[in-house]
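Since the structure comes first, as structure tokens, the remarks are kept for the end.
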Amino acid sequence: MKEAFRETFKEKVFDIVRKIPKGETMSYGEVARRAGSPRAFRAVGTILKSNYDPKIPCHRVISSSGALGQYNRGVEEKQRKLRAEGALD
DNA sequence: CGTATGACGTGCA
DNA sequence: GTGCACGCCATAC
């Protein structure tokens with residue numbers, strides 16, 4: 001309760017991304033918005049790239065334009081996983 | 001504390 | 001429809 005709410009943007013982003021339902025994709029702007037700063041989509045990318053936790057399906061985070069964006073493991077791997085989940089169909 | 005960087009977003013030509 | 005430039009926030013050094 002106390003330590004909560006003090007979660008840095010980073011912690012929130014990880015939590016949000018981790019909550020992304022399988023087969024669904026969320027844009028950086030949406031994640032940043034839920035994190036508390038709808039203009040921090042930049043920081044979201046900076047944070048996600050700093051995160052290498054496999055528990056965080058950061059590959060489900062794409063650009064609002066519909067582009068997959070980048071990925072610390074490779075865009076190809078990202079697209080591959082999304083397609084496997086049916087997010088790309 | 002200040003500077004530099006980055007997995008973006010939007011607008012305009 | 002495509003390409004370029006600017007702006008934005010947070011993190012790391």
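Naming convention: chains lettered A, B, ... in sequence-line order (proteins, then strands); numbering from 1 in each chain. All heavy atoms count here, side chains included; hydrogens, waters and symmetry mates do not.
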- If you draw a 6.0 Å radius around CD in Glu85(A), do more than 12 non-hydrogen atoms from other residues or ligands fall strictly inside? yes
- Query: Could you give the start and end, 5' to 3', of the contact zone on DNA chain B for chain A, using atoms under 4.0 Å from its heavy atoms?
  - Reply: dG6(B) to dT10(B)
- Task: Would you please test Lys78(A) and Ile62(A) for side chain to side chain contact (heavy atoms under 4.5 Å, CB included) and show each step?
- Result: CA-CA 9 Å; Lys78(A) 184 174 183 174; Ile62(A) 62 172; 4.0 Å; yes
- Query: At what distance, to the nearest 0.5 angstrom, does CG of Leu82(A) lie from CD of Glu24(A)?
  - Reply: 11.0 Å
- In terms of hydrophobic clustering (I, L, V, M, F, W, Y; side-chain heavy atoms under 4.5 Å; direct or indirect links), are Phe9(A) and Phe41(A) co-clustered? yes
- Message: Test your reading of the model: is there a side-chain donor-acceptor pair from Lys81(A) to the backbone of His59(A), 3.5 Å cut-off?
- Response: no
- Query: Heavy-atom count around Asp89(A) CG within 6.0 Å, excluding the residue itself: above 12?
  - Reply: no
- Output, in order, the C-alpha distance, side-chain angles, deciding distance and verdict of side chain to side chain contact (heavy atoms under 4.5 Å, CB included) for Arg18(A) and Asp53(A). CA-CA 10 Å; Arg18(A) 192 194 298 180; Asp53(A) 193 312; 5.6 Å; no
Give me, pair by pair, the N or O atoms of the protein and of nucleotides 10-13 of chain C that are less than 3.5 Å apart, along with how far apart they are.
| residue | atom | partner | partner atom | Å |
| --- | --- | --- | --- | --- |
| dA10(C) | OP1 | Ser37(A) | OG | 3.3 |

